[in-house]
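Here the structure comes first, spelled out in structure tokens, and everything after it is commentary.
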Amino acid sequence: MTANKEKRSREAARRRRRVESEVFEDLSRLLPLQPSVRAHLDKPSVIRLTLSYIRMHTLLKAVSGEPGTKAKASHILTCGQVMERHGCDGGREEKESETEEVEASEETNLYLRILEGFLIVLSAEGDMIYLSDNVSKYMGLTQNELMGHNIFEFTHPCDHEEIRNNLRLTAEEVWCGAKRDFVMRIKSALTHRGRSANLKSATWKVLHCQGRAKVCVAPSSVSCLLLTCQPLPLSHTLLSTHTFTSQHSMDMRFTYCDQRMTLLLGYSTDELLGRSVYDLCHTLDIKFLTKNHLNLCLKSQSVSGQYRMLVRGGGYVWVETHSAVIPSVRPSKFRPGAHQPLCILCVTYILSGVEEPSLQLSVDQIVQI
């Protein structure tokens, strides 16, 4: 009697496991993934990705609005009826649809190549609802490995408070779609040679994140943060005629500046040595430089955003500075005389011509005759 009960119990357990496996297989087939990718998904990953795609669908539905969703459904229904009645026409429409999808995919890939970064959509709680599939190029982790996880699992603990502040929306920002611009450190499984390593041996990669916080009230209240993330330093940092490099102490005083500074802004390199970069900044933009300086001290790399730099003789130009902290070099038996303290290396891009050239906002702009 006991043996029969044990046998029935084992058979019931096998049936449950078989039914469970079939349910997960059906669920994984519904995911918009390649068959080769689906074959390697475990059960927790299937659940995680399913929830992530459901949230993304809800978000897109909220953004497009209910009427647009109905119109799309009606269009799909109409195409389905045409395909049933006219096989040839339906095949032609299907080919046209596939061509449009390919063109849209190529256009998206072009945008991502120009961006030199990846896209990420975060929920109000920090869950990664969506990432563009080129994220593996910068982090060494695939889109499917990251979607559904929380951003705080992969970012530096010291950056969590800043990320929470950017996820949080005030009453005023709900209606205007507030801009976001910050720098964060995130785990990267890429080695210096571009190969993927184990996440346990991951290093920190600095990302410059820009985007907007969006809230969709109807049909359901959904909020998210849409960001473009660019690794620093930017690989497209090219020195052109409208760019100059400078080196600073940790308090942002000039220790070196190249000759292009004289051609672009009118200041000689000798008179800038020992002077603070804050002396050349427009008073209303000091906060941008202060934020950039703080990011540099905490995260070693930063992008200033657009600010105004004063021109010798009068007026100002709009610029953007990409900065990085250069580690100190200590003496060694091979280089006994080599000792350099921490310093900041900056590449500044001139973004405009001289504006308001007759306006002098600092005594440093006065030309000595």
Side-chain angles (χ1 to χ4, degrees), residues 181 183 206 208 230 232-331 335-369:
D181 190 339
V183 174
V206 183
H208 181 214
Q230 294 177 294
L232 299 178
L234 299 176
S235 61
H236 63 260
T237 301
L238 302 176
L239 301 183
S240 66
T241 55
H242 293 86
T243 307
F244 66 88
T245 59
S246 57
Q247 192 170 303
H248 306 260
S249 58
M250 291 305 293
D251 60 354
M252 292 304 293
R253 294 184 180 276
F254 283 93
T255 58
Y256 166 81
C257 188
D258 68 27
Q259 297 294 333
R260 278 185 290 243
M261 176 68 151
T262 306
L263 298 173
L264 296 170
L265 298 180
Y267 302 100
S268 68
T269 55
D270 293 336
E271 70 178 307
L272 290 178
L273 295 180
R275 298 292 303 275
S276 173
V277 72
Y278 290 100
D279 296 337
L280 305 182
C281 177
H282 195 291
T283 307
L284 297 177
D285 298 335
I286 291 292
K287 60 180 180 180
F288 296 109
L289 275 188
T290 304
K291 181 182 177 182
N292 183 54
H293 194 182
L294 184 61
N295 279 332
L296 276 170
C297 294
L298 295 176
K299 304 168 188 178
S300 299
Q301 296 173 0
S302 186
V303 174
S304 66
Q306 290 78 36
Y307 66 97
R308 287 162 287 188
M309 188 170 272
L310 304 181
V311 177
R312 191 66 179 270
Y316 55 83
V317 292
W318 286 94
V319 301
E320 181 175 272
T321 301
H322 299 177
S323 313
V325 175
I326 307 301
S328 59
V329 178
R330 300 187 180 278
R335 301 174 64 188
H339 180 74
Q340 297 177 2
L342 283 172
C343 67
I344 296 172
L345 181 64
C346 296
V347 179
T348 302
Y349 294 82
I350 308 296
L351 305 177
S352 73
V354 180
E355 298 185 11
E356 301 188 46
S358 61
L359 181 64
Q360 292 183 339
L361 301 173
S362 171
V363 293
D364 294 312
Q365 293 181 275
I366 300 175
V367 179
Q368 300 295 333
I369 300 175

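Here, residue 1 is the first one in the sequence, and each next residue gets the next number.
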*What do the steps show when you test Q306 against D285 for side-chain contact (heavy atoms from CB on, under 4.5 Å), and what is the final call?*
CA-CA 9 Å; Q306 290 78 36; D285 298 335; over 6 Å; no
Give a yes or no answer on whether the side chain of [X] reaches the backbone of [Y] with a donor-acceptor pair at less than 3.5 Å.
X: D258; Y: F244; answer: no
X: R260; Y: T245; answer: no
X: Q247; Y: I344; answer: no
X: T262; Y: Y267; answer: yes

I need the minimum non-hydrogen distance between [X] and [Y], along with the two atoms involved.
X: Y307; Y: C281; value: CD1-SG, 4.0 Å
X: Q301; Y: V183; value: O-CG1, 3.9 Å
X: L272; Y: C257; value: CD1-SG, 4.4 Å
X: C346; Y: H248; value: SG-CD2, 3.6 Å
X: L345; Y: I326; value: CB-CG1, 3.9 Å
X: V317; Y: L265; value: CG2-CD2, 3.5 Å

Between [Y] and [X], is there a side-chain heavy-atom distance shorter than 4.5 Å?
X: D181; Y: H208; value: yes
X: S323; Y: N292; value: yes
X: M250; Y: V325; value: yes
X: L361; Y: T283; value: no
X: T290; Y: Y278; value: yes
X: L232; Y: H322; value: no

Distance (rounded to the nearest 0.5 Å) between [X] [atom1] and [Y] [atom2]:
X: K291; Y: I286; atom1: NZ; atom2: CD1; answer: 15.5 Å
X: T269; Y: Q259; atom1: OG1; atom2: CD; answer: 4.5 Å
X: M309; Y: L351; atom1: CE; atom2: CG; answer: 11.0 Å
X: L273; Y: S246; atom1: CG; atom2: OG; answer: 11.0 Å
X: L263; Y: I350; atom1: CG; atom2: CD1; answer: 11.0 Å
X: E271; Y: M261; atom1: CD; atom2: CE; answer: 8.5 Å

*Can you tell me if H293 and D251 form a side-chain donor-acceptor pair at under 3.5 Å?*
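Short answer, no.
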*Check whether the side chains of T321 and T348 place a donor and an acceptor atom closer than 3.5 Å, and report yes or no.*
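Yes, side-chain donor-acceptor contact under 3.5 Å.
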*Under a 4.0 Å N-O cut-off, is there an ion pair linking R308 with E356?*
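Answer for the salt bridge query: no.
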